[in-house]
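Worksheet: the structure to be examined is printed underneath.
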Amino acid sequence: MPELPEVHNFKQYFDAAATNQVIDRVTVHDDKIIRNMSGPVFTDALAGRKITGSVRRGKYLFAQLENGHDLLLHFGMNGDLNLYQDESDRGRFERFALHFRDGNTLGFDDSRKFARILYLEDRLAYIEQIKLGPDALDLEEAYFLHQLEGRKTTLKGILLNQSVVAGLGNLYVDEICYRTRLHPASRVNAMTLEQKKMIYREIIDVMEYATQNAPYYRDYPENWFWHTWRHEGGQDPEGEGAVEITKVAGRTTYYVQGRQKLVE
DNA sequence: TGTGATGTTGAATG
DNA sequence: GCATTCAACATCAC
């Protein structure tokens, strides 16, 4: 599930659960989820470490350790955090868990195993390495406009590109396109400056609204866009047209025919 | 029971 | 070399 607003919520949950906790030991149920070292090496690297806080950038959550290193949590398609005391509360799909000295355990659940966990000695070097762009909430207009120059890809493709702006995913991109009245398959190089500025504005507005109003993980408000128009048989709340389903940038895409203009 | 899924990557292609 | 596209990843839910 996680896009920027969900990971924002994971951060809140993580900070409350783990800040100032000392890791007593680590359990790894599935070595493959740790992407840059073996399970035992990972376990040794974390044992005895204190967690001092966390930093979020896009969909990436960096848990900071007192030695200056970081534990990177990327939630993939359906990662989740689960703090518990009683072993019976352990998640069915827990892949690894931090056991704190105070007796609590923070489990990382991930049924589909698309999550990525790394132990990082240098967070900034890693961000540089994967070319992760600025967080959507920190996006500056001039930078964004510059990133769009000379691009021939689709509007949806550019918004999903984490190097351009970090944090947007399939659902929120559809909502941004809906609000701008632009068809998601519109070509970036065919759009006017005004249209690009409008996209910038909606990125910020949608992300701010979502982070301020989203409850933890599920159970979004009734008027959330995927309850109204972004689903099979959905209705455009403004009644301007029919909801169509197609594929853009390789992803399932919803848009309102008649409302969203294809610019190419 | 077959299909699709809210993400990322690396290989293939242009 | 760069931008872009697309299959692959592994498993579950509908």
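Order of the sequence lines sets the chain letters (A, B, ...), proteins ahead of strands, with each chain counted from 1.
In this structure, A/Lys152 does not reach the C/dT4 phosphate: none of its side-chain N or O atoms is under 4.0 Å from OP1 or OP2. Listed pair A/Arg151 / C/dT4 meets the phosphate criterion, a side-chain N or O lying under 4.0 Å from OP1 or OP2. Between A/His74 and B/dT8 there is a side-chain polar atom (N or O) within less than 4.0 angstrom of OP1 or OP2. Under 4.0 angstrom from either OP1 or OP2 of C/dA10 there lies no side-chain N or O belonging to A/Ser111. Remark: A/Lys32 is not in phosphate contact with C/dC9, judged by side-chain N or O atoms under 4.0 Å from OP1 or OP2. Put simply, A/Lys113 has no side-chain N or O that comes within less than 4.0 Å of OP1 or OP2 on C/dC9. Residue A/Arg251 places at least one side-chain N or O under 4.0 Å from the OP1 or OP2 atom of B/dT6.
Among B/dA5, B/dG7, C/dT5, the nucleotide with an atom closest to any side-chain atom of A/Lys247 is B/dA5. Taking the side chain of A/Phe114 as heavy atoms from C-beta on, and the options B/dT6, B/dT9, C/dC9, the nearest nucleotide is C/dC9. Distance from the side chain of A/Gln162 is smallest for B/dT8 among the nucleotides B/dT8, B/dA5, C/dT5. In this structure, of B/dT8, B/dA5, C/dC9, it is B/dA5 that holds the atom nearest to the side chain of A/Arg112.
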Determine whether A/Phe75 and A/Phe10 satisfy the following criterion, ring pair (Phe, Tyr, Trp, His ring centres under 6.0 Å), listing intermediate values before the conclusion. CA-CA 9 Å; A/Phe75 297 84; A/Phe10 286 140; 4.0 Å; yes
So A/Leu4 and A/Tyr172, side-chain contact (heavy atoms from CB on, under 4.5 Å) or not? Walk me through it. CA-CA 9 Å; A/Leu4 188 154; A/Tyr172 285 99; over 6 Å; no
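At least one side-chain heavy atom of A/Asp31 sits under 4.5 Å from a side-chain heavy atom of A/Pro40.
At least one cation-pi condition fails for A/Arg57 and A/Tyr60: the charged atom is not both under 6.0 angstrom from the six-membered ring centre and inside a 45 degree cone around its axis.
With both ends at atom P, the span from B/dT1 to C/dC9 equals 24 Å, rounded to whole Å. Atom name P, nucleotides B/dT9 and C/dC12: the rounded distance is 23 Å, in whole Å. Taking atom P on both B/dT3 and C/dA7, the two are 16 Å apart, rounded to the nearest angstrom.
Atom pair A/Leu72:CG and B/dG7:C1' shows a separation of 13 Å (rounding to whole Å applied). Straight-line distance from the CG atom of A/Asn189 to the P atom of C/dC2: 20 Å, rounded to whole Å.
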Pairing annotation in dot-bracket form, given for DNA chain C with Watson-Crick or G-U pairs under 3.5 Å and | for cross-strand partners: .||||||||.||||
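With A/Ser186 contributing its side chain and A/Leu155 its backbone, the two residues share no donor-acceptor pair below 3.5 Å.
For A/Gln257, the side chain to side chain donor-acceptor pair (under 3.5 Å) test picks out A/Tyr255, with sequence neighbours left out.
Heavy-atom contacts from other residues, nucleotides or ligands closer than 6.0 Å to CD of A/Gln235 number 12 or fewer.
At the heavy-atom level, A/Gly250 lies nowhere under 4.0 Å from the strands shown. At the heavy-atom level, A/Phe93 lies under 4.0 Å from the strands shown only through sugar-phosphate atoms.
Hydrophobic clustering of Ile, Leu, Val, Met, Phe, Trp and Tyr side chains at less than 4.5 Å, counting indirect connections, unites A/Ile51 with A/Tyr13.
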